[in-house]
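Just the heavy atoms: all of them, side chains too, but no hydrogens, waters or symmetry mates, feed the values below. Start at 1 with the first residue, then count along the sequence. The shown structure was predicted, so the numbers you read here are calculated from the model rather than taken from an experiment.
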Amino acid sequence: AAKNQTVFDSESPRTPNQSKTQISYPFSTDEFLKETYRNPWGQMRFGKILEDLDALAGNIAFAHVQNPNTIIVTASVDRIRISGTPSIEVDQHLSGKVTFVGTSSMEIRMQCVDALGHEWMEAYFTFVATDPVTK
């Protein structure tokens, strides 16, 4: 038998805390990373952060589905709330978790918090499962 085969339990619901995922960006110590996210005015590249949030939300959604044959896509990003301007000199933490699951869609709440504990962005990503035949 092959190693690392995962058994998918579609009968056992997963809780939002089981899907919680976080990544950290060490801007205070990684100069290359900081320059990758700095815009020409010395501030955070908002579009790059949204791209990362979408990718992280996709990973969270895929892990929640627990079926590698399911194709999921981002359907929408709603209720983007921004409070203040984040400092690129401070480490940032992007996190998210599943907040709602329907029969073919799910909602993921994503947030950005700096190392000082200030939540400066929140957004809700909706993912849908596509039909494998018609896409």
message = Between E119 and R109, does any side-chain N to carboxylate O distance fall below 4.0 Å?
response =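 Salt bridge flag = yes for R109 with E119.
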
inquiry  = For the NZ atom on K20, are there more than 12 heavy atoms of other groups (residues, nucleotides or ligands in this structure) within a distance under 6.0 Å?
reply    =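 No, the 6.0 Å shell around NZ holds no more than 12 heavy atoms from other groups.
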
Examine [X] and [Y] and state if one hydrophobic cluster contains both, with Ile, Leu, Val, Met, Phe, Trp and Tyr joined whenever side-chain heavy atoms are less than 4.5 Å apart.
X	Y	answer
I72	M106	yes
I23	W120	yes
F62	V73	no
I108	V128	no
I60	I80	yes

message = Has S87 got a side-chain atom pairing as donor or acceptor with T85's backbone, closer than 3.5 angstrom?
response =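 Here the side-chain-to-backbone pair does not exist.
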
Donor on one side chain, acceptor on other, [X] and [Y], under 3.5 Å:
X	Y	value
S24	H93	yes
T126	E107	no
E122	Q111	no

Minimum heavy-atom distance [X]-[Y], with the two atoms named:
X	Y	result
M110	L56	CE-CD2, 3.6 Å
H64	S19	ND1-CB, 4.1 Å
C112	I49	SG-CG2, 3.8 Å
G58	F127	N-CZ, 3.4 Å

To the nearest 0.5 angstrom, please state how far the [atom1] atom of [X] sits from the [atom2] atom of [Y].
X	Y	atom1	atom2	value
F125	D78	CZ	CG	9.5 Å
M44	M121	CE	CE	9.0 Å
R38	I88	CZ	CD1	5.5 Å
D114	D91	CG	CG	9.5 Å
T36	E31	OG1	CD	10.0 Å

message = Do V90 and S28 make a side-chain contact, defined as non-hydrogen atoms from C-beta onward lying under 4.5 Å apart?
response =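 Sidechains of S28 and V90: no contact.
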
query = With side chains defined as the heavy atoms from C-beta onward, is the minimum distance between S83 and H118 less than 4.5 Å?
reply =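 Yes, at least one pair of side-chain atoms sits under 4.5 Å.
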
request  = Carefully, step by step, assess D52 and L94 under the rule side chain to side chain contact (heavy atoms under 4.5 Å, CB included).
outcome  = CA-CA 8 Å; D52 292 352; L94 282 58; 4.0 Å; yes

ask   = Y37 ring centre to R45 NZ or CZ under 6.0 Å, with the angle to the axis within 45°?
value =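 The answer is no, since R45 fails at least one limit relative to Y37.
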
query = Is the F27 ring parallel, tilted or perpendicular to the Y25 ring (thresholds 30°, 60°)?
reply =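 F27 and Y25: perpendicular rings.
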
